[in-house]
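Here the structure comes first, spelled out in structure tokens, and everything after it is commentary.
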Amino acid sequence: MEVLDIVLAAPFWVAVLRIATPLLLGTLGVLLCERAGVLNLGIEGIMVAGAFAGWLAVFAGLPLWGGVAVAAVTGAAFGALHAGLTVGLALSQHVSGLGITMLATALSYYGYRVGFPKVDTPPTITPFAEMHGLGLPVLAQQTPLTLLALLLVPLLAWFLDRTPAGLALRMVGENPQAAEGQGVSVGLVRSLAVVAGSALMGVAGSFLTLAAFNAFFFNMVNGRGWICVALVVFASWRPGKALLGALLFAFFDALQLRLQQAGGAALPYQVYLMLPYLLSILALVVVARRASYPQALMKPYRRGER
Amino acid sequence: MTGPVLRLQGICKRFGTLQANADISLELGAGEVLALLGENGAGKSTLVSILFGHYEADAGRIEVFGRPLPPGQPRAALAAGIGMVHQHSTLADNLSVLDNVMLGTEPWWRPWSAREGARRRLLDTARRFGLPVQPDARVAGLSVGERQRVEILKALVRGARILILDEPTAVLTPQEGEALFATLSQMVAQGLSIIFISHKLEEVLRVSHRVAVLRAGVLVASAPAREVTLAQLALWMVGREVRMPARAPARARGELVARLSRACAGQSRAQLREADLELHAGEIVAIAGVSGNGQSTLAGLLGGTLACVRGEALFLGLPLTRPIAALVADGLARIPEDRHGTGVIGDLPLWENAVAERLRSPAFSRRAGGVRWVRREAARAYARELVEAFDVRGAGLESPVRALSGGNMQKLILGRALRAPDARVPRLVVAHQPTWGLDIGAVAHVQQQLIGARDAGAAVLLISDDLDEVLTLGDRVAVMHEGRVSPAMAPERWTRESLGLAMAGSAVAVAA
Amino acid sequence: MTGRLERRPEVSAAALALASLAAVAMTLLVGTVLVLWAGAPVAATYAALFAGGFGSVFAWTETLTRAVPLMFTGLAAAVAFRARLYNIGAEGQLYAGAMAAVALGGLHGGEPLGPPWLLWPAMLLAAALAGALLLLGPAWLKAQAGVDEVVTTLLLNFIVLLGVSALLDGPMKDPTAMGWPQSVALAGELELSRLIEGARLHSGLLLALLLAVALWLLITYTVPGFDIRASGANPRAARFAGVPAGRTLVLVACLSGALAGVGGAVEVAGRTGYVTMDMSPGYGYTGIVIAMLAGQHPLAVVLAAVFVAGVLVGADAMSRVVGVPTYIAEVMVATALIAVLVATLAAQYRWRVDPAGQA
């Protein structure tokens, strides 16, 4: 059977892991923000900005990891803006996030056009190489950023569950008054969480231009940011489940691509492309009932206000 | 240590036009229990919030154990040995007891949490002070009394030498209150000094060494507890004679207005179980009980916002599941517990809030072209009438209603409930904690209004956790515990002891 | 060092006006920086931008034409967000409406399906229905299962667009379009008439204005309008006062989805004549920004839509003359949004610095 043939081939899983990486990084970023109580709808724009900034840095001569760092800093900068608006000024988190998505996307496209007026083929860079030295089956064909993403899962889980700083972050997202009463500065912790999460989102974007592809295209991110927002709910705000969610989504995304290529025009290719989105919605419905939201999510906290 | 452990000098704090604290100076001695008394709004919570660092004072200084306290930082207060048990829950429901206690106790940069050590310390402290606790239990599943124990332990584990308790008995049964007082004695014996905030005069005199009374932001008196009488305290707190409504028994009990028959509603801890209750015209039925025993469900059921899962709930012979507009039109008047969150819609103007429940009636809307249009002039006229009759001050008809103070907001809610546009008296008044958070003048006013409604022929259901209010106003008194409603008897047949026992669930008292 | 925001007892008109001015200044500042970065002359760029959007009758007709779909999606977002139903799916609802319109009003096999007096209202109704149904799903999921509608409406956009793409490749494809994926064309009689000779501005503008006024009347003066405002401001208190939560949610979802759907139909009938994949350069998302700029007030949405359309059209025109990339328009709109929000906040609150306690 066709599907089985596809699924049992190793190259399939190589693709799955590659597709999952930006989703995983982005989801972990959203997770950090939301665990601290802040919804960050700026992810779509931040991923575009990270993709552009990272690529531009490498094009300008920085080493690849330098590009990743630049992408992280870019993400962090937009995160700081979001934190300032939502934590500092207690503006609507929906509005701020959507505004930042628009801003970051437009700025990136603008910068690209100013720097590189219309050409036939987009300028390219040399992306990350596969890690053949690793010797492990599917991992050997991945780039270092994928390894980074995979390592971040247990790291973030440890951070949240077993460190004092992680406890403070969780508490700030559950009951900010309680945190304040124990001497924790809610504003500071929330802002740092948003900045760190946004940095991860920037790195997620840079994966697209520095590893998956080697150039910057318009519409490159293509909704991945929004999918991460959905995946966080699916993951019940836990890093381990975020990995599961990213892999699941990537599985179906890779599957539909190969089903298309394998021919058999039984269904128009668009139906296959729809599968991952439909599954996300389904997953959300299944999970939403049981999900334990961080209780202070989307509730602004004003210190000392009567 | 011979000097005072805590010294406040000249504390001033202003919020907008409200002077919450005016030049307050106070001392706390070692091993002393100081009760801070005052009406709601007198400035007690503000003062201790300043002490703990939630706010910064506009002027004044604080010395703890002889050293000045940096203002505005809870962390500094904690480091100086001050602990605070807040009035409203400061625990995260989704986390464990241990997590809640450990927060903020370790340096943030440490890459691992020393949980085992913290757990041992928690259990040791719990044992020392007689406050049993399960470190790994999720807070969401704890009872109110258990939560308070965790809050106290939070402070003790951090080595608090001065403990502030803000209205700790507000959520406890009399028996649980006794247990708390025993704990306080233990703490004092172990060298702690305590500031105890309350507005309940009797327990204050029992438990404290010294009393300090605040009124309208000013410290009006401070004296050793044994030299003070209840009457003296009341006078200090209020500053003048206030005529509280006297016990005015009902004249004649009229027809049946509402009835609950084996009604079950709500879920989990707030459930109502097989409640039987009859409400007749011209009488006040007062329900005593500690908050959280199903009162909200009872109020919701009789107020038309909840439906029975089993059994019957009838108003004027018809089920209470009818639309609220119909119920209100038939004479159902509701005064909700949470005035800001449920009673009014803060962002909308005062006049819209005044007619919110009656908008669907012909008095304030008319159908044209398939859609109901609001009759704005009629609505505004009615709102103006309410504002005048009930003396609602602080905002105009068009201002967002959140601009009103708590007392004025309650007056508006009371007015719109008790005064229908056609001047008819309500048939049933469901009042849930109607005097909570009001100053004594406002409390008297609300109580007068309820008695007035009764005398005009309404059936009144009063749910209150203030035993004095229940005993003064109730023509019949019932007690709620864990969702069950006791039979309602004349107040003369209850004593404070039997009430307390019933509130704690002892069936013996009910049968007596 | 510590301070906090304290709400002012009243907001003076002067403060609000100052706030708006500050927002405009901020937007212009950011725009100027971008122009300088592109190495173009600042004054000439702004002049070209303004002229392109508002400088001539032709410019105005272009701006207003561009504003029409933005008014529809802006109104859709305004009514939904007022009720705290965060409808991010206007883009999909717009396309669904457009497809429904073409399905009923298109020249299938060269002939329209019926007479224009029947098809015209049927078309609009179908478009409204298509948009409404698309939003009812996520709204129902939110009410019943607590699923966040931000995510579901967003994901639906992708699904709908894929569906449209599949339809355009297959059953709805125009056989006379030489292989180009576009839908069958709308019957000529069903197209909207031009308002001004020789310009693209069509009578869809009148429909948009009419709907804006109708929505404003509904929200301000009727009981359902009160229900919508109350549910958005405080759902618990609204329920306590007897506002029917379920019915209000359905009403809001239908209104919002329908407005976006009709917007799609109007675009087809007024501007394009048929549906293509690139028919909407993100009208649905821009509509959200417009609604926020307008403070969710229907009449202000009209003004905001004209403003944003003017900037977008002006940027296109300016780009042809001065060469600054058109994306500057989106940057300025996003900046304007953030600036307006911050400025409004500044007008409503003031910063109170807590004096340090005397040591």
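In what follows, chains are A, B, ... by sequence order, proteins preceding strands, each numbered from 1. Just so you know, these numbers use all the heavy atoms, side chains as well, and skip hydrogens, waters and symmetry mates.
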Side chain from CB out, backbone as N, CA, C, O: work out which of these in Leu141(C) comes under 4.5 Å of a heavy atom of chain A, or both, or neither. side chain
OG1 of Thr105(A) to OH of Tyr327(C), rounded to nearest 0.5 Å, is 10.5 Å
Got Leu341(C) and Val95(A) here, is their nearest side-chain heavy-atom distance under 4.5 Å? yes
For the interface with chain A, which of Ala329(C), Ala166(C), Gly163(C), Gly282(C) has the highest count of heavy-atom pairs at distances below 4.5 Å? Ala166(C)
Determine whether Leu337(C) and Leu98(A) make a side-chain contact, defined as any pair of heavy atoms from C-beta on separated by less than 4.5 Å. no
Considering non-hydrogen atoms only, spot the tightest contact between Gly99(A) and Ala334(C) and give its length. O-CB, 3.8 Å
Spatial distance of atom OG (Ser92(A)) from atom CZ (Phe81(C)) [nearest 0.5 Å]: 8.0 Å
Need one label for Leu107(A): side chain, backbone, both or neither, based on atoms under 4.5 Å from any heavy atom in chain C. both
List the atom of Leu155(C), the atom of Tyr277(A), and the distance in Å for their closest heavy-atom pair. CD2-CD2, 3.8 Å
Using non-hydrogen atoms and a 4.5 Å limit, figure out which bit of Leu154(C) sits close to chain A: side chain, backbone, both or neither. side chain
First locate atom CD1 of Ile88(C), then atom NE2 of His94(A), and finally report the distance between them rounded to the nearest 0.5 Å. 6.5 Å
Let me know if Leu278(A) has heavy atoms under 4.5 Å from chain C in its side chain, its backbone, both or neither. both
Under the 3.5 angstrom rule, does the side chain of Tyr110(A) hit a backbone N or O of Val331(C) as a donor-acceptor pair? no
Drop me the distance from Ile328(C)'s CD1 to Arg113(A)'s CZ, to the nearest 0.5 angstrom. 15.0 Å
Could you tell me which portion of Val30(C) (side chain, backbone, both or neither) has an atom closer than 4.5 angstrom to a non-hydrogen atom of chain A? neither
Pick from Val160(C), Leu162(C), Leu161(C): which one makes a side-chain contact (heavy atoms from CB on, under 4.5 Å) with Met274(A)? Leu162(C)
For Val285(A) and Val147(C), which heavy atoms make the closest approach, and how far apart are they? CA-CG2, 3.9 Å
Heavy-atom proximity to chain C below 4.5 Å, by part of Leu103(A): both
Quick check for you: to the nearest 0.5 Å, what is the distance between Thr101(A) atom OG1 and Tyr285(C) atom OH? 10.5 Å
Residue, of Ile159(C), Thr286(C), Val289(C), that accumulates the most heavy atom pairs under 4.5 Å with chain A: Ile159(C)
